[in-house]
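Along the sequence shown, residues carry numbers from 1.
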Amino acid sequence: MFSPAIRKPHLLHRRCKEEASPSPPPAPAHTPSTRGFAVHDCPATGTPAPWTSSSLLARISTSTRTGRTGDSGQIQPVHVAEFPQVVRNAQANLLQKSFPGKNLLAGGIDKETSLAWMICGNELFIWSYLATVAKDCLVLEVPSSLLGNKGAKSLCGSQWTVCIMRWGSSGASTRSSGDMLHRRSSTGVILCNKRTQAMAYWPDIYTENSKSPVLGLFGCRDTSSDDGTSGNCRISSLIAAAVPGGINECIVIASEPTGTLWLFQCSPAAVNRREIHKGSLGIHGADRSRKNSGGGSLAWLPIKVSSVAAERMFFLLTSHELQCWSISFLHDINCKKIGCQEIVGSDGDLGIKKDIAGQKNIWLLDMQIDEHGKEIDILVATFCKDRVSGSNYTQYSLLTMLYKPNQKFSSEDNVIKTERFLEKKAPSQVIIPKARVEDEEFLFSMRLKTGGKPSGSVIILSGDGTATVAIYWRGSTRLYQFDLPWDAGKVLDASVIPSSEDRDEGAWVVLTEKAGVWAIPEKAVLVGGVEPPERSLSRKGSCNEAVAEEKRRSQALNSNVVPRRASSEAWSAGERQRPSLTGLSQQAVVDEESEMLLNRLFHDFILSGTVHEVLQKLRAAGAFDKEGEMNIFVRISKSIVNTLSKHWTTTREAEFLASTVVSSLTEKQQKHEKFLQFLVLSKCHEELSSKQRTAMLTVMEHGEKLSGMIQLRELQNTLSHQRSSINLSPQSKNQTTGALWNLIQLIGEKARRNTVLLMDRDNAEVFYSRVSDIEDLFHCLSHQLQYIITGEENPSVQMQRALELSNACMTLVQAGLRYREQHKDWYPSPEGLITWNSQPVVRSGIWRVASFVMEFLKEPGAADMSMKSNLWSQLEGLTDILLDAYIGLLTAKFERGEEHGVLVQEYCDRRDELLGSLYDLAKQIVDAKYQESTEVTDNLDLKESIFREVTSPILATAKRHEGYQTLWQICYDLSDTGLLRSLMHDSVGPHGGFSFFVFKQLLNRRQHAKLLRLGEEFQEDLASFLKERDDLLWLHEIRLNQFSSASETLHTCALHVSPEEGANLTSNRKPLSFVDRRRFLYLSKIAAAAGKDVDYEVKVVQIDADIRILNLQEEIIQHDPEYAHDKYTSKPVRPLELIEMCLRRDRELSLKAFEVFAWTSASFRCSNRGLLEACWMNATDQDDWVSLSQESEGWSDERIQESLQGTVLFNASRLCYSRDAVVYGGSFEEVLPVKKEDLQLRGLEGRCLSVEEVLMQHKDFPDAGKLMMTAVIMGKELPDTVAAAEPVEMDS
């Protein structure tokens, strides 16, 4: 009744009749119809009717469309699938044996399994409705014992219901992918006679013994009327669920209109029944004159919402409330009611308020729960009386309740808690404010479905076979009623097309009596829908209403606003209106005008071959304003390569289809070449290449993808011929046995499900037509490879399927790269542009196939050597295209200045894994080829020749992509230093390139001699590499006769404080001991003397000083055990710290402090005058000068001199100031003169103190100052008392 918005006038008048026209008579017996039902103007072949081909829209050029919302094809139902031929035949036979007008057929769609079913006579037909041509239809015979005792009168279709169980399903993704490939999974079927409760159960319909079901006959009396078309059905609703842990076991919950609940337990052995709840109208023979007490609708709470795995919860909708029940599967199956909540009552905040003025009755008709278990939608009918006119009417509304998932119910068996477990989401949404009054039988025949597109929409099925979609959109409710331009019969059931992306929503799909399965596009609901009329949801209507409806549709079509997807939140949006999209609409109009102009100019070029002021016209039209996919040149190019062929049909032979595919792709390629010529001649190519490089690249990439698609089709033909020549049976000559064909089917089916307008097309046709979306192939490989190559198959079959898929990837990408090379002059400047083969989805798909091949090859005995050789070649090709894609993407990101560190790491990891796997397999191939040779004795030259031949492609790839580990491994296994040196010269990359990698390998293996020999040829490289390895760098410099540099290196190495800093080069470097450090210093001294630079003598003196300090450190550490730990024994200590160590100890170490000062530099002494003064004070403290002064009274000068020579002050003065004192880099007089008057002589007055002034600060100076100064002066002026300095000897 609510028909699509575009309708031919004569069809409109034909629908003005009060009743639907009867079905046309069956075809004459001498010319049987192959379709079973005769449809006007329908051809007698198996080809779908032309009006069913809704995807004709895709063939129409954009320029021929009159408006974005005025395209009738987008708001017409889309043909999904015909009935299987066996179903058509059964329908025809049933019509010939029956009277017209009877409700003879029953059918439905199972959402979980995507299976459709239909009962014709005593046969149950089950098939997958998603296939354009349903080939595999299962026929099950309905046992005569289920038909009742009334013969032909028991054929009433309304008495049957079917539940389908999919065993062992692991999730929505598994179901979706398996269904796309039309693979049979273990499936059970339950058939129930709703009037007699007789039940037939097929545990697995796909097994050999599936023909004989398990029966459950319970002797219920049929209460139907004589005509078999009316009466109270004993079962109003039925739900089923699998028993956890059971094998093909399930339970069925059935409800009667009286409220009685039955539990059926179905197993391969028997079907048992027991009553779990007695209805209010079934007690003590209560009055049964009332036909219905409520809808009796049942619905499972989704499993993922249930907290306990061994329990399931379901809801029962009664006349006024919603009951919550729980079933426990532990031990015995136990069912109990755990809660209920009033829906119709006095409180409007809880649900629906009753006893309002004008209300006479409220019926809760049906309910549905969303897949998340969060929302419960209830269809409500309210019988009202108009207080003004006094007329009666029915109001239909939709109530949405929110379920509390964490609700805790009482555990007591007999106590039903009345706590609220539902919340009202929003006020009831009125669907039809004033509708015709219907009887209860019609009302309770209505069924509600949710979960389809548009988001938030519902579909209502009436008992008379109508289907109405309701949606709250733009502040009001809109209705769309499914209808066809001819009599398609009643709508038997509705469901949702399963999404290929595991989304909750898909397009609405309906099962008709006569016309097969149809889908309702989202746009059909949004644009073709009308506001609620004041009439019923049934087929009855008036001509005036139809004319008004047509007027409203025409107004909707003239709207310039592009329909937007409505969300489920719109139901609670109240009366708020969406903001206007005027600006966007105006821009859309400008874009469409520019696109139409470009289409017309291109069409004129095809006809005439000339261009005239094309560039100026397109500039004026704003054709160059947008970049990327929105650019009109890109859109025209995309429409060329994505055009659907006019000649394809699913009923032709495979050979014809193959030739049609090739010819269609070739035509597209020729037209795309024409389009490129048009761009060049009109100078649009120059404009795009300079200002919109991304758009121009996309246009060229369409050519690449088209070329790849042509080559892929050729590959598929080749594989099909090879398979046909190998297989012997005619049935096996089918291209569907190949992995590539399965991949094409999966991608095509995914596209059909996501784009409803393509549902009437074959999967292969859809795949080869969507050229611009070739990335879908790689996305499918990345996410669904496990469904194309299953683990249950034989390893050889898995390997063959992997070969096909890898070959397909290589064919696509290589064909595109060849096109790019052939048309390189047409491409824009590539700086910063990312090509399609470098996109993440493409790289992910290729890597998924390569990973599968690598993992499979690791398994022992997975394949013979010939198969491994083939796989090795394919893996080599995959490696090339994948690594080249990474290089292209990295280059673009670098040119853009984008962060690419993570991508570099991913590229390196995958490169090393691929090359490593290739090399390991190559060695196996080399061994196999060598063993196949006729040589009896070992022939190493032959084996080396085979090795070089097999590994040459790997060597080239590794060299191109800096696979240093593989390059090293090849050279190492060959022991070919010449090849190694050649690669080191050629492979110059970042961080030292291959040379640094080789140096590091030799260093880790402690092959220092080989390392140094390579340094003769790679002098600068090795010198740079060994910057952090002084212990080896000096050897390299000695070999190069760079003695002075070697001396510096040795000197630095000897004084190196943190040897662990070189751990990034090797972990073999050990800490240096004092002996090692002195040896390096002696070698440094020798190298400096050998170099004989200008200042080498100064260098030698400096080295001597460092030797003395190092010896002093060793003496200090040996003197005091407290310092004998790693901090002081493993590395040189700073002179400052050495001096402080001496100040903290006895008189012997106090003199060592002056020795340290003597062997440091003048700058050190100058900057540490305070510390030097502290050393003099510390030296003074080492002797008792007051006692010595008292005891020396009366002594002779000789005795006093002898006594003072034993003091620390005397020895310190001798070390620092005597004429024989050895001081490096100057003298102490320059820093701390002895006497106060020496400061004036040296010009140091005011800049420092003298030793005399330092001693004057000592506490004993007033009593023994003269004696202190005597000791200092004696040490300076008595050279004969000073022992000669010991020469510096080399340690052995």
Side-chain angles (χ1 to χ4, degrees), residues 80-81 83-84 87 105-120 123-131 134 136-140 142 157 160-180 182-192 194 199-206 210 213 237-242 248 250-254 266 297-300 302-303 314 366 368-371 447-452 459 461 467 491-499 502 504-512 516-519 749 753:
V80 175
F83 288 127
V87 178
L105 300 176
I109 298 176
D110 185 71
K111 180 179 178 181
E112 296 297 321
T113 61
S114 302
L115 294 176
W117 60 271
M118 181 170 285
I119 298 178
C120 295
E123 291 180 319
L124 171 61
F125 301 91
I126 300 175
W127 73 97
S128 175
Y129 72 87
L130 290 175
D136 299 328
C137 179
L138 193 67
V139 182
L140 302 176
V142 180
W160 300 106
T161 184
V162 171
C163 291
I164 300 178
M165 304 295 300
R166 177 67 57 83
W167 309 117
S169 178
S170 58
S173 177
T174 303
R175 291 197 304 268
S176 178
S177 300
D179 292 339
M180 288 185 193
H182 306 293
R183 289 176 177 164
R184 291 181 170 182
S185 300
S186 181
T187 303
V189 172
I190 303 162
L191 173 63
C192 182
K194 295 192 292 185
M199 186 171 292
Y201 173 56
W202 288 267
D204 191 349
I205 59 177
Y206 294 125
S210 62
S237 183
L238 199 75
I239 56 176
N248 294 353
C250 65
I251 61 168
V252 179
I253 307 294
C266 303
S297 178
L298 294 168
W300 289 112
I303 298 178
F314 68 90
D366 197 11
Q368 284 284 300
I369 303 178
D370 69 345
E371 292 189 355
R447 287 173 291 162
L448 179 69
K449 303 284 184 178
T450 61
I459 192 167
L461 303 175
V491 174
L492 300 178
D493 198 6
S495 184
V496 176
I497 296 179
S499 171
D502 296 337
D504 297 337
E505 300 168 348
W508 289 113
V509 61
V510 296
L511 174 67
T512 65
V517 182
W518 292 75
E749 183 71 15
R753 295 189 185 187

Just do the side-chain contact (heavy atoms from CB on, under 4.5 Å) check on Tyr201 and Asn248 with the steps written out, would you? CA-CA 10 Å; Tyr201 173 56; Asn248 294 353; 4.2 Å; yes
Please round to the nearest 0.5 Å and tell me the distance separating atom OG1 of Thr161 and atom NZ of Lys194. 5.5 Å
How close do Ala467 and Ile459 get, counting heavy atoms only, and between which atoms? CB-CD1, 4.1 Å
Scanning both residues in full, the closest heavy-atom pair of Tyr129 with Ala116 reads CB-CB, 4.0 Å
Heavy-atom pair of closest approach, residues Val510 and Ala494: CG1-CB, 4.0 Å
Return the set of residues passing side-chain hydrogen bond (donor to acceptor under 3.5 Å, both in side chains) with Asp204 (not counting sequence neighbours), or none when no residue passes. Ser186
What's the shortest heavy-atom distance between Thr450 and Lys111, and which atoms? O-NZ, 4.3 Å
Run Trp518 and Val491 through side-chain contact (heavy atoms from CB on, under 4.5 Å) and show every step you take. CA-CA 10 Å; Trp518 292 75; Val491 174; over 6 Å; no
Has the side chain of Trp508 got a donor or acceptor atom that lies under 3.5 Å from a matching backbone atom of Lys449? no
Rounded at 0.5 Å granularity, tell me how far CG in Leu115 sits from CG in Leu138. 9.5 Å
When you look at Trp202 and Leu124, which way does the side-chain contact (heavy atoms from CB on, under 4.5 Å) test go after all the steps? CA-CA 12 Å; Trp202 288 267; Leu124 171 61; 4.2 Å; yes
Which heavy-atom pair separates Val252 from Cys266 by the least distance, and what is that distance? CG2-SG, 4.1 Å
Test side-chain contact (heavy atoms from CB on, under 4.5 Å) on Asp110 and Arg166 and set out the steps. CA-CA 10 Å; Asp110 185 71; Arg166 177 67 57 83; over 6 Å; no
Considering only heavy atoms from C-beta outward, does the side chain of Leu448 approach that of Ser297 to under 4.5 Å? no
Hey, what do you get for CE (Met165) to CD1 (Ile205), rounding to the nearest 0.5 Å? 12.5 Å
Not counting sequence neighbours, which residues clear side-chain contact (heavy atoms from CB on, under 4.5 Å) with Cys163? List them please. Ile190, Leu238, Ala240
Distance from Glu749 atom CD to Ser114 atom OG, nearest 0.5 Å? 8.5 Å
Here the pair of heavy atoms bringing Ser495 nearest to Ile109 is CB-CG2, 3.5 Å
Straight-line distance of Ile164 CD1 to Thr113 OG1, nearest 0.5 Å: 4.5 Å
Distance in Å, Ile239 CD1 paired with Trp300 CH2, rounded so as to fall on 0.5 Å steps: 4.5 Å
So, do Tyr206 and Thr187 sit near enough that their side-chain heavy atoms are less than 4.5 Å apart? yes
If we only count heavy atoms from C-beta on, is the Leu191 to Ile119 side-chain gap below 4.5 Å? yes
Checking Thr512 now: which residues fulfil side-chain hydrogen bond (donor to acceptor under 3.5 Å, both in side chains) with it, not counting sequence neighbours? none
